[in-house]
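Shown next, in structure tokens, is the structure this report addresses.
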Amino acid sequence: MLPLPQLLAELVRRPSVNPMGRSDLPSEILYESHVTAFLEEQLRELGCEVTRQEVMPGRDNLVATYTPPTPAPFSVLFEAHQDTVPVDAMTVEPFGAKIEGGRMYGRGSCDVKAGGACMLTAFARLVKEKPPGSAAVTLAFTVDEEHTFLGVQDLMRSGVRADCAIVAEPTLLNIVNAHKGVVRWVLETSGRACHSSRPDQGVNAIYRMAWLLNGLEEYAIQLQNFAPDPVLGPRTLSVGRITGGVSPNTVPDFCRIDIDRRLVPGEHPQDALRNLEGYLKGYPGIDFVFALGQTHAACPPLNPAHSGQLVARLGAVIDSVVGKHTVHSVPFGTDASTVANAGVPAVVFGPGDIAQAHTKDEWIDLEQLEPAAEILFRFACGK
Ligand SMILES: [Zn+2]
């Protein structure tokens, strides 16, 4: 296995941009396949069993397993995503992996190729050293975390399980045990188009949407009345985009809005959708048909109630390597909640600072790499 900075550089140099629904990006930088091929090669060189799971054409999860020679006292899943966000307006070479002042620059250097490289390094060390009493380890590199979380959903649907899981994201070597969930909905109204000089002959879909928007604003205020989650705060709803109509001189027959709903532990995306639909159907003035639906798979909330033991064990290992750690929540979604929802207690841990993720000069502090790999290795050793 390559030394950590070189391994990370190899990953950064291979673009794995998630287009996130856009169609204006150059195809040669899109999707995870180059990273997948490189990781597969590294894992095969270790001599371990590797399988690909096709999530979408040309986009595969990679799953490797380490089974220790003696019966494993426990099992752990290490999970990292392969994709990155796009590279528009970056002020550093996105795939250059340039090192300067103890930092490596490039898209994915922080989120989350560094975390993935540390997991691979710890895994390779286990395979080589076979320390007695170590865990059985599944190492999974998933696709599509930055957009619709499809990779981790397929991973868990495929039956991958463990006693606990560590999901890589930049946490500055601290533990993240809670975050809100997010679900996105689209709400559409239809009407009847006609010339704007005779609006009485048409039905205006934008006016209809206005009634719904009033209802949504009131609903969002009502959500604040629920007791907030003690750690994560209130459940929220926000309307983020509106489209509709074709020209000023046409009564619009179509309007659409996009809604973002943040869920707290205990809430379920489907229930939240049904609840809103019922509310809007009963809202004054809404005597017309509308369509409300989910645009893509939800990221559930990460509930800290199920990971207490894991947090204690990982925390002790972090302390043994770097002397201190914090346990906290974050405002963004991760793959950990989908893993946890499948019954595997999961936390988020990794090198680097989320403040540098997705930025125009994304970088990682290289000093975080070795401790991160050491922590993951020791955790798997049961130390
Ligand atoms: Zn990430």
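As the structure lists them, so they are numbered: ligands from 1, and atoms in each ligand from 1.
- Protein N/O/S atoms nearer than 2.8 Å to the Zn ion (ligand 1) total 4.
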Let's go through L213 and V239 carefully: what are the C-alpha distance in whole Å and the side-chain angles of both, what is the deciding distance for side-chain contact (heavy atoms from CB on, under 4.5 Å) to 0.1 Å, and is it a yes or a no?
CA-CA 8 Å; L213 284 167; V239 175; 4.1 Å; yes
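- At least one test fails for R13 against the ring of F38: distance under 6.0 Å to the centre or angle within 45° of the axis.
- Counting only distance, with no hydrogens or angles, the side chain of R161 and the backbone of M156 share a donor-acceptor pair below 3.5 Å.
- Side chains of V176 and E169 form no contact here, defined as non-hydrogen atoms less than 4.5 Å apart.
- Formation of a donor-acceptor pair under 3.5 Å by the H195 side chain with backbone atoms of S197 is found in this model.
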Which atom pairs, one a donor and one an acceptor, fall under 3.5 Å between side chains of residues 92-102 and the rest of the protein, sequence neighbours left out?
residue : atom : partner : partner atom : Å
E93     : OE2  : F95     : N            : 3.1
K98     : NZ   : E100    : OE1          : 3.1

